[in-house]
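The block underneath contains the structure these notes are about, expressed in structure tokens.
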Amino acid sequence: PYVSLEYGVTKSLYSDRWEGELDLKHDNAFGGGEVATMNIRKGKNRLLRKNVFSSGPINWRMTIKDDYLGSSNAGYDIEVFRDHVDVSEQNEVDIGDVDCPLRTGITTKVRFPQSSYSFAIPKAVSARFECVDPLTQNDCTQFITSMSADFGDQRTLKLSKRPVISTVT
């Protein structure tokens with residue numbers, strides 16, 4: 001099937017609370033074999049005695065993947081996400097859903113076709129950009145950036161193969 005809808009219950013790593021989850025997946029989103037996924041999670045605020053639909057923040061994640069960019073070994077992945085980071089347990093005070101810091105970001109990865117060059121060309125390059133909003137007026141916004149390149153198996157002078165990965169944060 002081209003489109004699937006799944007549902008379930010998960011436990012959040014950030015808030016340590018149970019969340020309802022919907023996962024929508026489309027296997028041929030743009031007609032070229034791309035896979036688009038939308039994941040939505042919503043939990044209930046423990047301190048508010050309301051139903052699940054009126055309390056708790058909505059967290060979401062959207063992913064687009066293509067494994068056939070020019071050849072069968074190449075492709076790309078793009079992921080955009082937004083999570084609410086719950087810190088009320090740490091402060092032992094309910095700060096409300098509006099004041100929970102937002103963790104927003106994007107992750108991209110490009111996989112290149114295999115080459116037979118004698119010099120190192122990366123098999124894949126990825127980058128991640130993430131922002132965490134401040135909790136109070138005295139806090140600063142946090143920005144996290146990382147980039148990495150996967151060079152795959154490279155021959156050394158002893159004619160052995162070993163994987164090489166380079167990461168910059």
Side-chain angles (χ1 to χ4, degrees), residues 1-30 32-69 75-111 123-150 152 163 165-169:
Y2 285 117
V3 178
S4 66
L5 177 65
E6 299 175 359
Y7 56 91
V9 177
T10 59
K11 192 162 188 179
S12 173
L13 294 173
Y14 296 104
S15 65
D16 197 33
R17 295 181 184 161
W18 290 98
E19 299 176 332
E21 179 177 343
L22 282 175
D23 195 30
L24 178 65
K25 181 177 180 181
H26 193 293
D27 285 339
N28 196 13
F30 305 115
E34 301 86 0
V35 177
T37 305
M38 180 71 173
N39 178 279
I40 300 171
R41 297 176 318 280
K42 182 167 178 59
K44 182 178 179 183
N45 189 332
R46 208 179 298 176
L47 299 175
L48 296 176
R49 300 294 180 216
K50 298 179 182 178
N51 65 20
V52 172
F53 298 107
S54 64
S55 69
I58 295 176
N59 302 315
W60 58 269
R61 183 172 305 268
M62 187 173 80
T63 308
I64 299 173
K65 295 182 179 184
D66 186 6
D67 290 332
Y68 304 105
L69 184 65
Y76 64 89
D77 303 341
I78 300 171
E79 180 181 56
V80 180
F81 60 90
R82 180 168 225 172
D83 293 325
H84 288 77
V85 182
D86 186 13
V87 294
S88 60
E89 295 293 320
Q90 297 168 357
N91 295 339
E92 298 179 5
V93 177
D94 182 27
I95 57 174
D97 295 327
V98 179
D99 295 328
C100 289
L102 289 173
R103 180 179 160 261
T104 307
I106 183 168
T107 302
T108 60
K109 182 176 185 177
V110 178
R111 294 178 304 280
K123 288 178 16 180
V125 176
S126 64
R128 181 178 185 97
F129 305 97
E130 189 174 317
C131 173
V132 179
D133 291 342
L135 179 61
T136 64
Q137 292 180 351
N138 296 332
D139 288 342
C140 295
T141 302
Q142 300 176 16
F143 292 99
I144 304 166
T145 303
S146 68
M147 297 185 304
S148 66
D150 181 4
I165 297 175
S166 174
T167 304
V168 176
T169 302

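No experiment lies behind these values; they were computed from the predicted model shown.
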Ile144 CD1 to Cys131 SG distance, which is reported to the nearest 0.5 Å:
9.0 Å

Taking all heavy atoms of Asn28 and all of Gly33, pick out the closest pair and write down the distance.
OD1-N, 2.9 Å

State which residues pass side chain to side chain donor-acceptor pair (under 3.5 Å) with Asp66; sequence neighbours excluded, sorted by chain then number.
none

Closest non-hydrogen contact found for Trp18 with Val9 is CE3-CG1, 3.6 Å

Heavy-atom check, side chain of Val80 versus side chain of Trp60, under 4.5 Å:
yes

State the CG-OG distance between Leu24 and Ser4, to the nearest 0.5 angstrom.
7.0 Å

About how many Å separate CG of Leu22 and OH of Tyr7, when rounded to the nearest 0.5 Å?
10.0 Å

Asp27 (side chain) donor-acceptor with Val35 (main chain) under 3.5 angstrom:
no

Audit row: Arg61, Glu79, salt bridge (Lys or Arg N to Asp or Glu O under 4.0 Å) steps and yes/no
CA-CA 7 Å; Arg61 183 172 305 268; Glu79 180 181 56; 3.3 Å; yes

Could you tell me if Thr107 and Arg128 have a donor-acceptor pair between their side chains, going purely by distance under 3.5 Å?
yes

Tell me, with the steps shown, if Arg111 and Asp67 meet salt bridge (Lys or Arg N to Asp or Glu O under 4.0 Å).
CA-CA 9 Å; Arg111 294 178 304 280; Asp67 290 332; 2.7 Å; yes

Under 4.5 Å between any side-chain heavy atoms of Val125 and Met147, yes or no?
no

Evaluation steps, side-chain contact (heavy atoms from CB on, under 4.5 Å), between Val132 and Phe143
CA-CA 7 Å; Val132 179; Phe143 292 99; over 6 Å; no

With side-chain contact (heavy atoms from CB on, under 4.5 Å) as the test, would you mind laying out the steps for Phe81 and Ile106 before giving the verdict?
CA-CA 6 Å; Phe81 60 90; Ile106 183 168; over 6 Å; no

Carboxylate-amine/guanidinium proximity below 4.0 Å for Lys11 and Glu19
no

Set of residues satisfying side chain to side chain donor-acceptor pair (under 3.5 Å) with respect to Thr37, sequence neighbours excluded:
none

May I ask you to decide whether Asp83 forms a salt bridge with Arg41, counting only side-chain N to carboxylate O separations under 4.0 Å?
yes

dist Asp133:CG -> Arg103:CZ (nearest 0.5 Å) comes out at 12.0 Å

Does the side chain of Val3 come within less than 4.5 Å of Leu5's, by heavy atoms?
no

Rounded to the nearest 0.5 Å, what separates atom NZ in Lys109 from atom OG in Ser148?
7.5 Å

Those residues at least two apart in sequence (or on a different chain) that pass side-chain contact (heavy atoms from CB on, under 4.5 Å) with Thr104 are Arg82, Leu102

To the nearest 0.5 Å, tell me how far Thr63 OG1 sits from Glu34 CD.
14.0 Å

